[in-house]
There are 2 protein chains.
Amino acid sequence: MSQAEQDTASTAKTTKGEQTRSRIVESAMHLFRDLGYDATTMRAVAKEAGVSVGNAYYYFASKEHLLQAYYHEVHASHEVVAEEIIENERDLLTRLRRILYAKLDVIEPYHRFSGLLFKSAADPKSPLNPFHEESRAAREESTKLFARVLDGSKIKIPQDIGAELPDLLWMYNMGIVLYWLHDDSEGRARTRRLVDHTSEIVVRIIKLLANPLLRPLRKSTLRLLKELRDIEGAR
Amino acid sequence: MSQAEQDTASTAKTTKGEQTRSRIVESAMHLFRDLGYDATTMRAVAKEAGVSVGNAYYYFASKEHLLQAYYHEVHASHEVVAEEIIENERDLLTRLRRILYAKLDVIEPYHRFSGLLFKSAADPKSPLNPFHEESRAAREESTKLFARVLDGSKIKIPQDIGAELPDLLWMYNMGIVLYWLHDDSEGRARTRRLVDHTSEIVVRIIKLLANPLLRPLRKSTLRLLKELRDIEGAR
DNA sequence: GTCTATAACCGGATAGAC
DNA sequence: GTCTATCCGGTTATAGAC
């Protein structure tokens with residue numbers, strides 16, 4: 001191998017380990033999609049990847065960790081579409097709605113096994129818990145996306161609360177996904193209607209926040225958020 | 001056994017089956033408390049209850065189902081304290097705060113294994129999911145409690161939204177518990193501070209809701225809630 | 001030191017006899 | 001209703017290959 005080839009951190013040819021690792025991820029994703037999370041056994045994943053079970057565990061500490069790959073894929077796909085939406089659309093409500101619709105499209109193929117994802121996500125001990133260190137990167141990227149959604153929009157946002165809004169939108173977005181999990185309607189029509197309704201409400205609230213009448217509410221909410229942040233930082 | 005004894009559905013002496021059942025529950029609760037959910041094995045539960053594993057499964061479809069007993073105990077204990085608070089206190093904010101504090105006291109002994117509870121609660125397939133048929137009864141009772149919290153208070157609540165508030169307070173209360181799950185601070189000080197802050201905000205919002213300025217927001221929120229309810233009824 | 005494989009462990013769940 | 005025996009799959013111990 002030439003020096004040049006070694007230097008370019010190419011995506012395809014990496015260490016043998018990396019290749020094995022991605023073979024495992026691929027077969028896991030594939031099996032999850034086809035069989036669902038529960039029905040997919042580590043033995044099957046290993047077999048399809050052409051490695052031993054023990055070897056799979058060398059790369060991934062648990063079956064749950066395999067799901068982290070799902071997070072990344074979802075976020076990456078979503079970001080592409082979202083970026084395009086932000087580019088072409090200035091209206092906050094439309095942006096929000098289209099971006100959430102896009103998210104639903106991206107996650108659709110995983111509906112069958114996403115339940116597990118959230119089950120884990122709510123468990124304080126799970127590595128998939130979005131508030132854990134291990135998933136910090138994914139969360140932060142996602143939050144940044146919502147920051148951009150707000151940034152170029154035509155809406156006036158009070159300065160004090162501006163810094164908090166991306167986080168809040170991220171949580172809103174998590175709530176939508178949680179609802180989607182339980183949604184068995186045709187084409188997830190119910191979740192889409194939920195998006196229609198709630199996005200309108202969310203934007204309405206954001207607009208209202210500038211109103212002087214709501215100043216005390218805004219201030220106490222800010223105090224709360226600040227404290228939550230301090231706590232998070234302290235641990 | 002006399003006819004009289006058969007008629008009085010006494011709590012203590014019931015069928016042999018019921019006795020076995022409650023022996024199993026008791027040893028489960030005991031072990032959960034001492035060891036936590038994960039560390040408690042069905043084998044241990046069965047052993048302590050003096051039955052076989054298979055027999056334990058005759059009464060409880062899964063280890064998770066054993067947790068339902070926890071739900072009941074928690075709610076029952078909480079209700080006693082809560083009722084007393086409602087009796088002696090008219091101010092909504094104080095009521096809410098004290099009732100949530102009481103909840104934290106009641107669930108404290110279970111902090112170690114409650115994680116599992118919520119993990120399951122977020123899983124659409126779990127019998128413990130609060131939106132499932134199996135836990136409907138517990139949820140409804142809990143909601144009724146919040147209806148009483150609102151009812152006798154001194155606060156004016158717009159008629160249209162009044163019917164929805166108990167449900168919303170129940171969700172708020174679930175959110176607090178979710179936070180508590182992650183809280184490892186001394187005496188759950190952080191959760192208590194969260195209650196202090198959020199209860200104030202919640203009451204502030206309830207008061208604001210009567211304001212004409214917020215009528216459109218209130219109306220769209222009501223539309224949303226109505227639709228959610230229709231959906232739930234339809235499935 | 002990085003990677004891979006085999007065998008075993010453990011505990012939730014089930015089958016089927018009594 | 002109750003038991004014993006067994007299955008099944010996530011996970012780990014451990015030994016060795018590159």
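Just so you know, these numbers use all the heavy atoms, side chains as well, and skip hydrogens, waters and symmetry mates. Residue numbering restarts at 1 for every chain, and letters A, B, ... go by the order of the sequence lines.
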Does the protein touch nucleotides 6-18 of chain C at the base, only the backbone, or not at all? Give it as B, S and - per nucleotide, heavy atoms under 4.0 Å. B-B--BBBB----

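In this structure, A/H65 places its NE2 atom 10 Å from P of D/dT11, rounding to the nearest Å. Note: CG (A/L35) to C1' (D/dG9) measures 14 Å, nearest angstrom. Note: CZ (A/F60) to P (C/dC3) measures 13 Å, nearest angstrom. Between B/R21 atom CZ and D/dT2 atom P the separation is 12 Å, expressed in whole Å. In this structure, B/R23 atom CZ and D/dG1 atom C1' are separated by 12 Å, rounded to whole Å.
A salt bridge is absent between A/D151 and A/R95: the closest approach of a Lys/Arg side-chain nitrogen to an acidic carboxylate oxygen does not fall below 4.0 angstrom.
How far CG of B/L145 is from NZ of B/K103: 8.0 Å, rounded to the nearest 0.5 Å. Distance check, rounded to the nearest 0.5 Å: CD1 of B/I99 to OG of B/S199 gives 11.5 Å.
Legend: salt bridge (charged side-chain N to carboxylate O under 4.0 Å, His left out) pairs involving residues 20-31 of chain B, not counting sequence neighbours: none detected.
Two residues are said to be in side-chain contact when any heavy atoms from C-beta on lie closer than 4.5 Å; B/R190 and B/Y179 meet this criterion. Looking at A/E79 and A/H75, their side chains come closer than 4.5 Å, going by heavy atoms from C-beta outward.
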Nucleotide pairing, DNA chain D (Watson-Crick or G-U, distances under 3.5 Å), in dot-bracket with [ ] and |: ||||||||||||||||||

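Pairing each heavy atom of B/A56 with each of B/V51, the nearest pair is N-CG2, 4.4 Å.
Of the side-chain N and O atoms in A/Y58, none sit less than 4.0 angstrom from OP1 or OP2 of C/dT4.
Relative to the six-membered ring of B/Y57, B/K63 misses at least one condition, a distance below 6.0 Å or an angle of at most 45° to the axis.
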